[in-house]
Protein chains: 2
Amino acid sequence: MKKKQSATIYDVASRVGVSLATVSRVVNGNTNVRESTKRKVLAAIDELGYHPNAVARGLASKKTTTIGVVMPDVTDMYYSELARGIDDVANMYHYDVLLTNTDEDPVRETMAVNNLATKQVDGIIFMGNELDREVLNTIASVDAPVVLAGFLTSDGSLPSVNIDYVAAIRESTKALIRNGHQRVALVIGPLTHAINKQYRLKGYQDALEEMGIDYDESLVFTSHQDYAAGMQVAERVTAAKATAAITYDDEVALGIMNYMIDKGVKVPDDFEVVTSNNTKFAIVTRPAVTSISQPKYDIGAVAMRMLTKLMNNEILEDTQITLPHTIERRGTTKNDLEIKM
Amino acid sequence: MKKKQSATIYDVASRVGVSLATVSRVVNGNTNVRESTKRKVLAAIDELGYHPNAVARGLASKKTTTIGVVMPDVTDMYYSELARGIDDVANMYHYDVLLTNTDEDPVRETMAVNNLATKQVDGIIFMGNELDREVLNTIASVDAPVVLAGFLTSDGSLPSVNIDYVAAIRESTKALIRNGHQRVALVIGPLTHAINKQYRLKGYQDALEEMGIDYDESLVFTSHQDYAAGMQVAERVTAAKATAAITYDDEVALGIMNYMIDKGVKVPDDFEVVTSNNTKFAIVTRPAVTSISQPKYDIGAVAMRMLTKLMNNEILEDTQITLPHTIERRGTTKNDLEIKM
DNA sequence: TCAAAATATGCAAACGCTTACAATGTTAAC
DNA sequence: GTTAACATTGTAAGCGTTTGCATATTTTGA
């Protein structure tokens, strides 16, 4: 049933009348091969339809030209855009990508990393919201470089690429306050996550302080990262008498916005919304959602580029990379929304 | 810098005082091992932190427990949901997933398949809209089973899982016609693709015929699979004096809907829209979009399940699987939209 | 108690390639 | 014509497993 067993390096060697080593050299682009024999080898390779076996190659060379990507969920726009950036530059450097969804479950994250180690990946890119202690240990025990994309640990012990979350949230919060809001809700993920507590919340608090508004804990909400959760939190936001909200996730923002619209609250006239990820979700609604614009594709791409260097044992001049962000003003904020840094 | 070289099967064998073969047997769950030695081996494995090297294993056993997934774009909701279904059942059967984005470029699709063959994947799941001749040849030359998810070839030469596109489009078209529309636009992909010409267009034509309406070619539009393209085609749809549209892609549907809304056309009062994929995009807008509901996750899951059987050399009783679809009635169609089969 | 049957274990040959190192062939300067 | 220096090619030892076959070792039945 199956096609004929593909030729091995031995087949082409014997056909040309040279040794395995020579064939291996031409396959790997080694320069020390006479032009004429190189041509003959190439011809034989072509005739036999020889394709080097990557597994054997990996065993012999200890390099698999494969990297692992562990992410919460491919189905989440934010992560899939990062993944696309990763994949594109991975291909550029001839790496393949082994993808794993974890739903942010530390157990599955640990298993994923271990599994990738077993498969001898040359490197790993890790996405999520927080690094569980156990996962961190696992990562540390793995003999492959790891870089974080789109989040970071509080101690910066692992290379990562992100935007300046503190500044991004600070700017948007201030812009909202300048728009006349005294009660701006902040909807983020669990405060047990460094990215939420030390960065997003920090940016929010900084803005309040700069604008001379007292911090009110009851305006900070925790929500899951999906549309339904947004709808739910919207009720609490309303109860807290907030007149504007900043969210960390686009789907959550849409949930909030639609809750308002469905309740007859005018957006942006009576309620303004700013979200954080600027995925396609932010532009397909009416009104479209004002958002912090993260260079998602680039975050993935840069993370992958860092990883190639690490895999190549190059020294990174900077392990904590911060990419620039902007604010995309759209219909969920009043036209006079003023963005100042 | 790097952690100590991990232990090999040899290390645990010598520690316990047994041969490689025995260790290999316990690792692989072979039953022919005395309970007492099995315990000792397991203990040694634990102490040494031994993890079998999947690459070596792959070389020796000719099985990599890895499958390849080639898809147009992870960033596309439709495909990423299929991918999630694939990934989940792949994990269930202990397979890892090698992911490749092709943007539907036949050249990249060919490269992807060849590359996966090189990496010795045990099977491949292919997504897209059409199989180019060259790609088809490449697939045929690969020594690994392939199953198509979410599309099919006209000759059914490859296993695949889909919904009944003809029926789905026929039903929605008829429902729209019953709602009083004489000019229903059909927005699909290139007619060079079997899935568009032989299935979607067919369903549309069948509906017209059954409802006694003449087929008007000028109501059939071709569009790229994204939001901006939807906006563009909307203009042509308007010019053609269509009063309703059926689209093959949710982003396209949103583009059309927003174009209408922006032009002051009331949806659904003056224009009705039905889309095909029922992704999150269809529910986050106001109005939410009526859609054919495909079991996307299941399509991926079932495709993967088929693949496991194929990889296991089991016989498939049915190679062309059709999963049931429904119609999700939402705000872009009038409430009295009547769905009949 | 012993041979035969059933279980456990070991041996060693693959698997297909990379890569030091050794060997051979060429070239060029004198 | 030599020989040193360089370019080209070959040898063979791994890489870490799996697995068919041979060799113990234990169990079973009479």
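Residue numbering restarts at 1 for every chain, and letters A, B, ... go by the order of the sequence lines.
- Note: NE2 (B/H51) to C1' (D/dC15) measures 19 Å, nearest angstrom.
- A/T110 contributes a side-chain N or O that, together with a main-chain N or O of A/P106, makes up a donor-acceptor pair within less than 3.5 Å.
- A straight line from CD of A/Q120 to C1' of D/dT17 spans 12 Å, rounded to a whole angstrom.
- Set against C/dC17, D/dG16, D/dT18, the side chain of B/A56 has D/dG16 as its closest nucleotide.
- Not a single side-chain contact (heavy atoms from CB on, under 4.5 Å) links B/A60 to another residue, sequence neighbours left out.
- Residue A/S61 places none of its side-chain N or O atoms closer than 4.0 Å to OP1 or OP2 of C/dC17.
- Using a 4.0 Å cut-off between charged side-chain N and carboxylate O, B/R84 and A/D76 make no salt bridge.
- Residue A/K62 has a polar side-chain atom (N or O) positioned under 4.0 Å from OP1 or OP2 of D/dG16.
- Atom P of nucleotide D/dG16 and atom OH of B/Y10 are separated by 13 Å, given to the nearest angstrom.
- Looking only at distances, no side-chain donor or acceptor of B/E104 sits under 3.5 Å from a matching main-chain atom of B/G128.
- Where the helix from C/dT1-D/dA30 to C/dC30-D/dG1 starts and where it ends, the local axes point in directions that differ by 30°; five pairs per end, rounded to 10°.
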Short heteroatom pairs, N/O only, protein and nucleotides 5-12 of chain D, under 3.5 Å:
unit_1, atom_1, unit_2, atom_2, d
D/dT9, OP2, A/R34, N, 2.9
D/dT9, OP2, A/T37, OG1, 3.2
D/dG10, OP2, A/S19, N, 2.8
D/dG10, OP2, A/S19, OG, 3.2
D/dG10, OP2, A/T22, OG1, 2.8
D/dG10, N7, A/R25, NH1, 3.4
D/dG10, O6, A/R25, NH2, 2.4

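- The phosphate of D/dT18 has OP1 or OP2 within less than 4.0 Å of a side-chain N or O from B/R57.
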Could you walk me through whether B/K119 and A/T66 pass side-chain hydrogen bond (donor to acceptor under 3.5 Å, both in side chains), step by step? CA-CA 10 Å; B/K119 293 256 173 162; A/T66 300; 2.6 Å; yes
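- Remark: P of D/dT19 and CD1 of B/I9 are 11 Å apart, rounded to the nearest angstrom.
- With rounding to whole Å, A/K119 atom NZ is found 15 Å from D/dG16 atom C1'.
- Here the P atom of nucleotide D/dT18 and the CG atom of A/L59 are 12 Å apart, to the nearest Å.
- Sorted by first and then second residue, the salt bridge (Lys or Arg N to Asp or Glu O under 4.0 Å) pairs involving residues 145-161 of chain B (not counting sequence neighbours) form an empty list.
- Among the nucleotides D/dT18, C/dC17, D/dT17, the one closest to any side-chain atom of B/N53 is D/dT17.
- Within the structure, the side chain to side chain donor-acceptor pair (under 3.5 Å) test picks out the following pairs touching residues 294-312 of chain A (sequence neighbours left out): A/Y78-A/Q294, A/D88-A/Y297, A/Y93-A/R305, A/N277-A/Q294, A/R305-A/T308, A/N312-A/E314.
- With rounding to whole Å, A/Y50 atom OH is found 10 Å from C/dG16 atom P.
- The main-chain N or O of B/K63 is never found under 3.5 Å from a side-chain atom of B/D122 such that the two would form a donor-acceptor pair.
- Evaluation of the side-chain contact (heavy atoms from CB on, under 4.5 Å) rule for B/L20 yields B/I9, B/Y10, B/A13 as partners, not counting sequence neighbours.
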